[in-house]
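Let me begin by presenting the structure, written as structure tokens, before commenting on it.
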Amino acid sequence: MNDRLTSLERIRSKKDFTSLYRNGSRFRGPYFNLVYCPNPLGYSRLAVVVSKKVGPSVTRNRVKRRLRDLFRRNKGLLPGSLDMIIVTRKEIVDLGVPELRAGYFEAVESIKKKRASS
């Protein structure tokens, strides 16, 4: 399995964001909300949204980098190919990497359960 995050695996177009917000399912966690929807592409894609309320640009970029790293290192855990948007909350700034990892894995497990029950 390729461990890189390629440009194909990033959601960038407004059409994709709008479609995902409209048709996607949601996971609400204590540190971020996750909007996700299956896609027919054969690979998963990710977008990370970090508001200016989270902090200055250095902090926002660190949060985005950590979340993208979690996604790319754990692509195999996702059930099928999904489009995902992670919308962070202010509380994410105070997290260490282990807590962030635990929150991400909790979200992935929730997605797996919802997809299995559907």
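Just so you know, residue 1 is the first one in the sequence shown, and it goes up from there.
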Looking at every heavy atom in both Leu34 and Ala107, which two are closest together, and how far apart are they? CD2-CB, 3.9 Å
Shared hydrophobic cluster, Leu41 / Leu5 (ILVMFWY, side-chain heavy atoms < 4.5 Å): no
With Glu9, the side chain to side chain donor-acceptor pair (under 3.5 Å) member among Lys75, Arg72, Arg45: Lys75
Closer than 3.5 angstrom, by distance alone: can the side chain of Lys114 be matched with the main-chain N or O of Arg26 as a donor-acceptor pair? yes
What's the shortest heavy-atom distance between Leu78 and Ser44, and which atoms? CD1-OG, 3.5 Å
Members sharing Val87's hydrophobic cluster, built from side-chain contacts under 4.5 Å between Ile, Leu, Val, Met, Phe, Trp and Tyr, are Ile11, Phe17, Leu20, Tyr21, Val35, Val49, Ile85
Taking side-chain hydrogen bond (donor to acceptor under 3.5 Å, both in side chains) as the test, write out the residues that go with Ser110, two or more places apart. none
Can you tell me which residue among Arg66, Arg65, Arg73 is in a side chain to side chain donor-acceptor pair (under 3.5 Å) with Asp69? Arg73
Taking every heavy atom of Ser51 against every heavy atom of Thr88, the minimum-distance pair comes out as N-OG1, 4.3 Å
Per the salt bridge (charged side-chain N to carboxylate O under 4.0 Å, His left out) rule, what does the pair list look like for residues 93-108, sequence neighbours excluded? none
State, to 0.1 Å, how close Tyr36 and Phe27 come at their nearest heavy-atom pair, and which atoms those are. CE2-N, 4.3 Å
Where is the tightest heavy-atom contact between Leu67 and Ile86, given as atom of each residue plus distance? CD1-CG2, 3.8 Å
Compute whether any side-chain donor of one residue and acceptor of the other, for Arg89 and Asn33, lie under 3.5 angstrom apart. yes
Could you please spell out the steps behind the side-chain hydrogen bond (donor to acceptor under 3.5 Å, both in side chains) verdict for Ser13 and Asp16? CA-CA 5 Å; Ser13 74; Asp16 290 338; 3.0 Å; yes
